[in-house]
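Below is one structure, written out as structure tokens; the observations come after it.
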Amino acid sequence: MFSIAALTICLLFGLLYLWYKAEKRKYADLDKLPGPVPHFFYGNALEFGNNIVESFNNIERLFNTYGPLLRIWQNGLKLSVFVVNPNIVEYFLSSNVHIKKSAGYDLYQPWLGQGLINNAGEIWRKHRKILTPAFHLKVLEQFPESFHKSGEVLIKKLKKQEGKDIDIYEFIILYAMDAICDSSMRIDVNAQETGDTTYIDAVKRFLEIYLTRFFSFFNKYEFFFQFSPKYKQYRKDIEYLQSFTSSVIEQRKRERIANLDEEETDEFGRKKRRKVFLDILLDSNQMTDQEIREEVDTFLFGGHDTISSTISFGLFELTRNPDVQERLFEEIESVVGIDKDEPITLGHLNEMGYMDRVVKEVFRLYPAAPLIERELQEEVIVDGLKYPKGTTISFHLYIQHRRSELFPEPEKFDPDRFLPEYVASRHKFAYIPFSAGPRNCIGQKYATINTKITIANVLRHFVLQPVEPAHKPILANDAVLKSMNGLLIKLKLR
Ligand code: HEM
């Protein structure tokens with residue numbers, strides 16, 4: 001009896017071993033890429049450290065050690081390719097086949113459901129098609145008005161901080177929340193006036209947990225994570241975030257019925273509503289209430305967290321580069337005039353060439369989404385290496401944008417590297433803050449316009465100065481690129 005049991009166990013282990021070997025063999029080609037020595041069970045999972053600052057620095061160390069294309073075993077059986085080589089990046093990002101995000105994005109699902117960032121396949125195609133008109137020129141033209149309205153409150157709040165050392169991010173995040181709700185949903189949340197950070201705090205806690213789960217061997221799986229002491233607060237935060245969005249949608253529905261003054265007349269004299277993002281969703285009649293809520297959740301996240309980081313990094317960099325700041329101020333004054341409260345339009349922005357380069361340089365040094373991933377749906381051969389179905393491709397935009405081979409003196413804040421002659425001499429996938437290809441950022445124009453208008457408005461009112469002693473941001477990938485010790489600056493009224 002005993003020997004039959006022992007034999008069965010030996011057989012099972014034998015089969016398991018053969019299966020393990022066969023699974024590993026799939027990656028035989030990619031395993032030849034440089035990378036740290038893996039453990040047979042947990043792979044290279046311990047390479048990243050215990051927190052987001054460590055993992056951010058360790059990823060940089062890995063690229064410095066192993067070069068622009070390396071392999072990381074996520075565990076004993078699953079392999080990721082880390083890449084900052086524009087040729088390989090172009091191959092995958094421009095593909096219409098490899099559009100599925102990696103398993104890591106599933107961790108967004110409890111909050112964002114099947115929203116655009118997460119989903120793939122037919123749902124993604126359908127939603128992307130419905131949402132694309134939300135960023136057409138006609139809609140974009142309405143954004144500056146919203147940014148101006150929220151910007152006036154921002155300037156009022158900042159005036160009270162003159163001469164003090166402030167963390168500019170704390171002000172910009174509330175501004176960005178007001179701006180996205182007003183511009184995309186036509187809802188006044190008054191985040192700046194009330195100082196209410198309940199939503200922002202819940203997002204922050206969700207993202208902290210998201211990142212810990214992303215890099216954790218066990219907590220990735222709901223089965224293990226539900227026993228974590230953080231689980232209860234996590235569920236509570238998700239419930240709050242989703243109920244906030246539902247209330248925004250309900251409020252907009254009510255206002256659409258009541259608010260006739262929003263209507264305008266078309267060229268045939270017919271009444272026509274000026275549509276914003278949420279109206280486009282509501283009018284599409286192709287989405288369920290839950291799908292609409294998930295897209296609104298996705299856009300609120302995409303529209304406030306990324307933007308606030310970018311604008312804050314931009315304002316901070318201007319304190320370190322007074323020459324750039326002065327040249328930019330002169331351009332703004334020469335295009336918009338000396339009236340500091342004159343609303344900035346898209347027409348003004350089109351005339352600001354230097355502003356365009358400055359903002360591009362901010363996006364280069366501080367790409368708000370520093371890491372994006374895909375999971376291959378089919379086996380492919382690239383540069384003679386077989387990438388099996390299921391391989392994760394990790395694109396490290398932050399590291400790529402700081403490669404000296406692509407951007408000489410990469411740490412230097414130099415807007416002129418975006419002069420046409422330099423752009424033409426670079427690989428077209430060297431600079432990809434908004435990703436590229438079919439799954440690029442749908443909010444790219446929104447983000448660019450908001451960043452430019454906000455920086456211009458702040459600069460028209462204040463000289464931005466560095467604090468003393470000089471502030472050194474501690475960067476980390478908090479799902480969005482952030483400074484863990486804030487972004488300290490000082491403001492002097494002009
Ligand atoms: C500076 C600001 C921003 C940066 C740097 C940025 C960057 C990115 C990147 C790199 C992606 C690709 C993500 C991936 O492949 O996993 C992306 C996707 C996306 N972004 Fe942005 N984003 C910004 C602002 C915004 C804004 C303002 C919105 C909405 C108003 C937005 C909405 C989205 C959505 C919905 C997607 C998913 C698109 C799809 O897969 O079809 N983003 N963004």
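Counting convention: from 1, in listed order, for ligands and their atoms alike. Numbering of residues begins at 1 and proceeds along the displayed sequence.
Checked against a 6.0 Å centroid threshold, the rings of Tyr387 and Phe92 count as neighbours. The distance between the ring centers of Phe316 and Tyr169 does not fall below 6.0 angstrom. Here Phe277 and Tyr446 keep their ring centres 6.0 angstrom or further from each other. For Phe301 and Trp111, the ring centers are positioned less than 6.0 Å apart.
Salt-bridge check for Lys149 with Asp178: failed, with every basic side-chain N at 4.0 Å or more from each acidic carboxylate O. Classification of Asp279 and Arg252 as a salt-bridged pair holds, one side-chain N sitting under 4.0 Å from a carboxylate O. Residues Glu411 and Arg402 are paired through a salt bridge, judged by an N-O separation under 4.0 Å between the basic side chain and the carboxylate. Contact check on Glu208 versus Arg205 returns no salt bridge, with no Lys/Arg side-chain nitrogen under 4.0 Å from an Asp/Glu carboxylate oxygen. Under the 4.0 Å criterion applied to side-chain N and carboxylate O atoms, Lys157 and Glu170 are not assigned as salt-bridge partners. Looking at Asp289 and Arg293, no side-chain N of the basic residue comes within less than 4.0 Å of a carboxylate O on the acidic one, giving no salt bridge. Salt bridge present: Asp356 and Lys452 bring a charged side-chain N and a carboxylate O closer than 4.0 Å. Between Arg213 and Asp106 there is no salt bridge, since no side-chain N of the basic residue sits under 4.0 Å from a carboxylate O of the acidic one.
The N/O atoms of Lys101, backbone and side chain alike, include one that comes under 3.5 Å of an N/O atom in ligand 1. In terms of N/O distances under 3.5 Å, ligand 1 is approached by Tyr105. Backbone and side-chain nitrogen or oxygen atoms of Glu373 are examined, and none is located within less than 3.5 angstrom of a nitrogen or oxygen of ligand 1. In terms of polar-atom proximity, defined here as any N/O pair under 3.5 Å, Arg128 does make such a contact with ligand 1.
When Ile432, Ile180, Ile372 are ranked by how near their heavy atoms come to atom 13 (C) of ligand 1, first place goes to Ile372.
Checking side-chain atoms of Lys445 against main-chain N and O of Phe135 turns up no donor-acceptor pair under 3.5 Å.
Ligand 1 is never approached by Ile99 to a heavy-atom distance shorter than 4.0 Å. Heavy atoms of Pro433 approach ligand 1 to within less than 4.0 angstrom. Residue contact annotation: Phe363 has a non-hydrogen atom under 4.0 Å from ligand 1.
The single protein non-hydrogen atom nearest to atom 1 (C) of ligand 1 is Thr310 OG1, 3.2 Å, given as residue, atom name and distance. In this structure, atom 15 (O) of ligand 1 lies nearest to the protein heavy atom Arg374 NH1, 3.0 Å. Annotation: atom 29 (C) of ligand 1 to nearest protein heavy atom, Phe299 CD2, 3.6 Å.
Using cut-offs of 30° and 60° for the angle between ring planes, the Phe214 and Tyr210 rings count as tilted.
Protein N/O/S atoms closer than 2.8 Å to atom 21 (Fe) of ligand 1, listed by chain and residue number, are Cys441 SG.
Numbered from 1 in the order shown, with element, the atoms of ligand 1 that lie under 4.0 Å from a heavy atom of Asn440 read 38 (C). Residue-ligand proximity, Arg439 to ligand 1, at heavy-atom distances under 4.0 Å covers atoms 12 (C), 39 (C), 40 (O). Counting atoms of ligand 1 from 1 in the listed order, those under 4.0 Å from a heavy atom of Trp124 are 39 (C), 40 (O), 41 (O).
The parts of Leu116 lying near ligand 1 are both backbone and side chain, judged by heavy-atom distances below 4.0 Å. Residue contacts with ligand 1, taken as heavy atom pairs separated by less than 4.0 Å, do not involve Leu131 at all.
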